[in-house]
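Start at 1 and go down the list; that is how both ligands and their atoms are numbered. Here the structure is a predicted model, which is why all the values come from computation and not from measurement.
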Amino acid sequence: MSELKYKRIVLKLSGEALAGEKGFGINPPVIKKIAEEIKDVYNQGIQIAVVVGGGNMWRGEAGAEMGMERSQADYIGMLSTVMNGLALQDNLETAGVPTRLQTSIEMKQIAEPYIRRKAVRHLEKGRIVIFSGGTGNPYFSTDTAAVLRAAEIDADAILMAKNGTDGIYSADPNKDKNAVKFDKLTQKQILDKGLNVMDSTASSLSMDNDIPLVVFNLNEPGNIKRVVEGQNIGTIVEG
Ligand code: GTP
């Protein structure tokens, strides 16, 4: 078994990652594949918490742009992360991995409420903990939730799984063919270069708490494992 770089991680899965090519909803074969990937990493003995996004169903910001009251639109987004959490839990458990799903907004019939100490205990007992519901507050992204939960549970790193993008670039590689990929960056470099990695709330929280962040391509099979083994894929943001 290879030496592991991280012992406890927060894996941020965007909602789009669960949608596959259609870009909308939950795609069962896609989510099954992701669950198998997570299982491979879990089998290496690493503690895994997953923060799920909800953009495959609803984006609060987009709802607000269409005239909805922003908080109301964000609550719909939070509910979509719970749906994704349930789907991921189902797939992980079908794959034989014990999990606990927690929600930042209480809906006890569906999942446990988020309790930090319980989440940590679950991780210590070898359960994957899925955090859904974002931070439980409107105006915050699930990237912010990932950083917040990582700080709370004292994770060694945040693994920011991207759909098709293999790291942080100097410009949008889909629009600028001169865009170059960074292997390593500091938080300050991200700010100085004006790179768009996470929203500013998530970025400043991650900077203040000094949690390493790895941005990598989820679509390449085996990549989650490569990151926890410390292989040089994607972009690592440290310091
Ligand atoms: P330990 O106490 O460490 O053994 O953890 P545990 O999660 O196995 O114990 P618990 O008895 O709290 O939970 C048993 C099952 O019930 C688990 O699948 C939990 O996810 C689930 N569960 C616990 N609390 C809640 C809750 O408030 N709502 C829902 N829906 N499920 C819950």
Side-chain angles (χ1 to χ4, degrees), residues 4 6-15 17-19 25-58 60 71-72 74-138 140-159 161 211 224 228:
L4 300 176
Y6 306 117
K7 302 265 169 350
R8 176 179 291 173
I9 59 164
V10 166
L11 173 67
K12 165 70 206 307
L13 283 182
S14 67
L18 312 181
I26 295 170
N27 184 323
V30 168
I31 197 165
K32 183 166 185 270
K33 228 171 77 197
I34 295 173
E36 292 290 344
E37 291 249 343
I38 296 174
K39 182 185 175 178
D40 279 350
V41 181
Y42 170 82
N43 283 341
Q44 291 187 300
I46 190 167
Q47 295 182 5
I48 306 170
V50 184
V51 170
V52 280
N56 52 328
M57 293 186 230
W58 180 263
S71 303
Q72 197 81 346
D74 279 345
Y75 282 122
I76 302 177
M78 287 180 232
L79 291 177
S80 58
T81 71
V82 178
M83 289 193 255
N84 285 336
L86 284 165
L88 182 64
Q89 176 173 47
D90 179 71
N91 276 270
L92 283 168
E93 298 216 321
T94 301
V97 180
T99 68
R100 296 291 184 265
L101 174 65
Q102 297 197 340
T103 55
S104 54
I105 295 175
E106 267 197 32
M107 40 186 99
K108 278 190 141 185
Q109 285 77 1
I110 289 177
E112 292 179 24
Y114 171 65
I115 298 168
R116 186 187 71 87
R117 294 176 68 106
K118 224 169 152 44
V120 169
R121 197 75 191 106
H122 288 323
L123 292 171
E124 289 167 351
K125 287 188 171 179
R127 299 156 183 159
I128 290 185
V129 181
I130 304 165
F131 294 127
S132 65
T135 67
N137 300 287
F140 289 94
S141 65
T142 50
D143 281 354
T144 300
V147 181
L148 175 64
R149 295 297 182 241
E152 287 182 278
I153 66 167
D154 198 19
D156 301 323
I158 302 164
L159 274 62
I211 307 166
I224 308 176
V228 301

By side chain to side chain donor-acceptor pair (under 3.5 Å), Arg121 pairs with (sequence neighbours left out) Glu124
Just one of Arg127, Gln47, Arg117 clears the side-chain hydrogen bond (donor to acceptor under 3.5 Å, both in side chains) bar with His122, so which one?
Arg127
Keeping Thr103 on the side-chain end and Gly133 on the backbone end, is there a donor-acceptor pair under 3.5 Å?
no
Are the side chains of Val147 and Ile158 in touch, meaning some heavy atoms are under 4.5 Å apart?
yes
If I take atom CD1 from residue Ile105 and atom OH from residue Tyr75, how far apart are they, to the nearest 0.5 angstrom?
6.0 Å
Compile the protein residues with any heavy atom at a distance under 4.0 Å from an atom of ligand 1; present them by chain, then by number.
Arg100, Lys108, Gln109, Ile110, Ala111, Glu112, Pro113, Lys118, His122, Lys125, Arg127
Would you check if the side chain of Asn27 reaches a backbone N or O of Leu18 as a donor-acceptor pair within less than 3.5 Å?
no
